[in-house]
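Here the structure comes first, spelled out in structure tokens, and everything after it is commentary.
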Amino acid sequence: MELDSSMLNRVIDAKIQYLYGVKGEVDMNYRLIEFFPDGYNAIVRGNHVTLTELRAALAHITDIAGEPARFDVLRVSGTIKSLKQHFTLE
């Protein structure tokens, strides 16, 4: 099965709701900003106050559609612009 942004969004959303409930999801203010399927990378936005919870939710995801999966947080940034600049330089 080919992974796309909508499937990735559903998986992350479901895991956040499972761990923290609807209120936790609202507090987290999570959003999938961009997904790069060629390298299986994504930019995820969240509330800085709940950064630890978001990282825990991502680490808790072990499979997507029955296939093994793992999330590694490569970088945390205050702005999406600086984050995109960082990854275009590497």
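Everything numeric in this text was worked out from a predicted model, so none of it was measured.
Side chains of V44 and I33 form no contact here, defined as non-hydrogen atoms less than 4.5 Å apart. Between N9 and Y30, the closest side-chain pair of non-hydrogen atoms falls below 4.5 Å. Two residues are said to be in side-chain contact when any heavy atoms from C-beta on lie closer than 4.5 Å; I43 and F36 meet this criterion. At a threshold of 4.5 Å between non-hydrogen side-chain atoms, the residues L3 and P37 do not count as touching.
Between K15 and A57, the shortest heavy-atom distance links the atoms CG-O, 3.4 Å. Across L32 and A42, no two heavy atoms sit closer than the pair CD1-CB, 3.8 Å.
Under the side chain to side chain donor-acceptor pair (under 3.5 Å) criterion, S77 pairs with S82, not counting sequence neighbours. Listed by chain and residue number, nothing satisfies the side chain to side chain donor-acceptor pair (under 3.5 Å) test with D63 (two or more places apart in sequence, or in another chain). Partners of R55 according to the side-chain contact (heavy atoms from CB on, under 4.5 Å) rule, which considers only residues two or more places apart in sequence or in another chain, are L51, V73, V76. Partners of N41 by side chain to side chain donor-acceptor pair (under 3.5 Å), not counting sequence neighbours: none found. Scored by the salt bridge (Lys or Arg N to Asp or Glu O under 4.0 Å) test, D72 finds R70 as partners (sequence neighbours excluded). For T62, there are no side chain to side chain donor-acceptor pair (under 3.5 Å) partners two or more places apart in sequence or in a different chain.
Sorted by first and then second residue, the salt bridge (charged side-chain N to carboxylate O under 4.0 Å, His left out) pairs with a member in residues 29-47 read E34-K84; sequence neighbours excluded.
Note on M7 and L58: same hydrophobic cluster, where clusters join Ile, Leu, Val, Met, Phe, Trp and Tyr whose side-chain heavy atoms are under 4.5 Å apart, directly or indirectly.
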Let me have the donor-acceptor pairs involving side chains of residues 16-24, under 3.5 Å, with sequence neighbours excluded, atom names and distances please.
| residue | atom | partner | partner atom | Å |
| --- | --- | --- | --- | --- |
| Q17 | NE2 | E25 | OE1 | 2.7 |
| Y20 | OH | E53 | O | 3.4 |
| K23 | NZ | D27 | OD2 | 2.8 |

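Rounded to the nearest 0.5 Å, atoms CG (D4) and CG (L8) are 8.5 Å apart. Separation of atoms CE (M28) and OG1 (T50) is listed at 5.0 Å; rounding is to 0.5 Å.
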